[in-house]
J.: 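Shown below is the structure under consideration.
When a ligand or atom number is given, it counts from 1 through the structure's own listing order. Everything numeric in this text was worked out from a predicted model, so none of it was measured. We count residues from 1, following the sequence as given.
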Amino acid sequence: MVEKTNILEELERIKMDALSALAQVQDEEALQTWRRAYLGKSAPVMQVFSNIGEVPKELRRDVGQGANQVKQVLESALEERAAYVREAALQHKLTSEKIDVTLPGRKPISGGLHPQTKVLRRIFQIFAEMGFQVYRSREVESDEYNFELLNIPAYHPARDMWDTFHINQPGVVLRTHTSPGQIHVMRELAPNPVRAILPGMCYRYEQISARSEIQFNQVEVVAVGKNITFGDMKGTLNGFVRRLFNRDVHTRLRPSYFPFTEPSAEMDVECFVCGGKGCSVCKGSGWLEILGCGMVHPTVLKNGGYDPEVYSGFAAGMGPERISMLLHRIEDIRYFWGNDVRFRSQF
Ligand code: DAH
């Protein structure tokens, strides 16, 4: 005989059980587990409904009502708890993802110009003010342009001055200097006057060290016309050097030898570190070698399409990396193409 009070007590126990389990629920997943356990098909309160047939007739009404009440209480408790869980999740999200808007921002890394781009632009600017245009010449050259037309025949001992990268195709080289551009620009402009600078990468097959790289820039200067003298060369180069170093530096020309100029010279500037007294930068001499220069050799003029009886010209070649090294006292040429931002960002 099923006692009414027993069943109602049982229902009360089911309810208390469910509610205390619900009080432990902290997240959405536990909520679903709880729903299945206490309101799902096989939940104790649902079992009361399915087994109502076994309850004596006269008790069925009360038991049914009691079970319904428990079910309703559990449903509304579930709703309440669900709201609490959602709110708690939101609060957790808000605190854990909190952004401190007062923190200083991270600075975006911005690129900058390579120090050599800057030096080259400065050189272009100075020569532009003196009426020289920039002429771009190729980096892959023929042996003919890189050497022969510049009065350096094959087997000439002067070839030892340039250790050359050859490619598999005979007669093709990576230019060892910007001088072959002289021939290109002369052939393009002859018989008109030339006033040009020719910047660009050059390549030499060298042992890489603090002093020499296998790739480096050069800037070639070339002026061809009627009545161009050694004095014009000296005046132009002095003007350039003074603007470059931003002051009235002393210069000197020393006799030298290049196959494509006659006479040839090298220009030194008074050491701007020690003012000419002698220091480690100028190795005690008081002078810094800055460029090679000379009057364009008659053979080179002829190869460029100018009659050397009528025309003359001067040329010069400088290494902008060397100029930067002197200006900023950089001790190792390998920094330039080493791509280390700690070096590059200093300029
Ligand atoms: N081409 C020479 C070199 O690479 C530099 C040079 C010297 C260029 C004298 C010239 C010049 O135009 O007149 O060593």
J.: Please tell me whether Y135 and R195 have a donor and an acceptor in their side chains that are separated by less than 3.5 angstrom.
T.: no
J.: Considering both backbone and side-chain atoms of R204, is one of its nitrogen or oxygen atoms within less than 3.5 Å of a nitrogen or oxygen in ligand 1?
T.: yes
J.: Would R13 and E9 pass as an ion pair if we require N to O under 4.0 Å?
T.: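 Result for this pair is no, no salt bridge flagged.
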J.: Can you find a heavy atom in the side chain of L120 that is under 4.5 Å from one in the side chain of V219?
T.: yes
J.: Under 4.0 Å between a side-chain nitrogen and a carboxylate oxygen: does that hold for D307 and K302?
T.: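 The answer is no: the pair does not qualify as a salt bridge.
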J.: Are F240 and F127 an aromatic pair by the rule of ring centers under 6.0 Å?
T.: yes
J.: Starting from atom 12 (O) of ligand 1, locate the nearest protein heavy atom and write down its residue, its atom name and how far away it is, to 0.1 Å.
T.: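 Looking only at protein heavy atoms, the one closest to atom 12 (O) of ligand 1 is E220 OE2, 2.6 Å.
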J.: Give the contacting part of S264 toward ligand 1: side chain, backbone, both or neither, where contact means a heavy-atom distance below 4.0 Å.
T.: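 Answer for S264: neither.
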J.: For residues 271-284, which side-chain N or O atoms pair as donor and acceptor with protein atoms under 3.5 Å away, sequence neighbours left out?
T.:
none

J.: Give the atom numbers and elements of ligand 1 that come within less than 4.0 Å of a heavy atom of S179.
T.: 1 (N), 8 (C)
J.: Answer yes when D248 and R242 have at least one side-chain N-carboxylate O distance shorter than 4.0 Å, and no when they do not.
T.: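 Counted as a salt bridge, because a side-chain N and a carboxylate O are separated by less than 4.0 Å.
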J.: Counting each atom of ligand 1 from 1 as listed, which ones have a heavy atom of Q182 under 4.0 Å away?
T.: 12 (O)
J.: Just jot down the ligand 1 atoms closer than 4.0 angstrom to any heavy atom of G294, in number order.
T.: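 This gives 13 (O) as the contact atoms.
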J.: Report the nearest protein non-hydrogen atom to atom 5 (C) of ligand 1: residue, atom name, distance rounded to 0.1 Å.
T.: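 So the nearest neighbour among protein heavy atoms is G317 CA, 4.2 Å.
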J.: Check ligand 1 against Q218 and write out every atom of the ligand that is under 4.0 Å from a heavy-atom position of the residue.
T.: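 Result: 3 (C), 4 (O).
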J.: Do R243 and E129 meet the salt-bridge criterion of a basic N to acidic O distance under 4.0 Å?
T.: yes
J.: I'd like to check which ligand 1 atoms, numbered from 1 as shown, lie under 4.0 Å from a non-hydrogen atom of T261.
T.: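 Result: 13 (O).
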J.: Ligand 1 versus A315, non-hydrogen atoms closer than 4.0 Å: side chain, backbone, both, neither?
T.: both
J.: So is M318 in contact with ligand 1, going by heavy-atom distances below 4.0 Å?
T.: no
J.: For ligand 1, is there an N or O atom under 3.5 Å from any N or O atom of T176?
T.: no
J.: Test of understanding: given a 4.0 Å heavy-atom threshold, classify the contact between F260 and ligand 1 as side chain, backbone, both, or neither.
T.: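 Contact part for F260 vs ligand 1: side chain (C-beta onward).
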J.: Report yes or no: does K118 contribute a side-chain atom to a donor-acceptor pair with the main-chain N or O of F347 at less than 3.5 Å?
T.: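 Such a contact is found between K118 side chain and F347 backbone.
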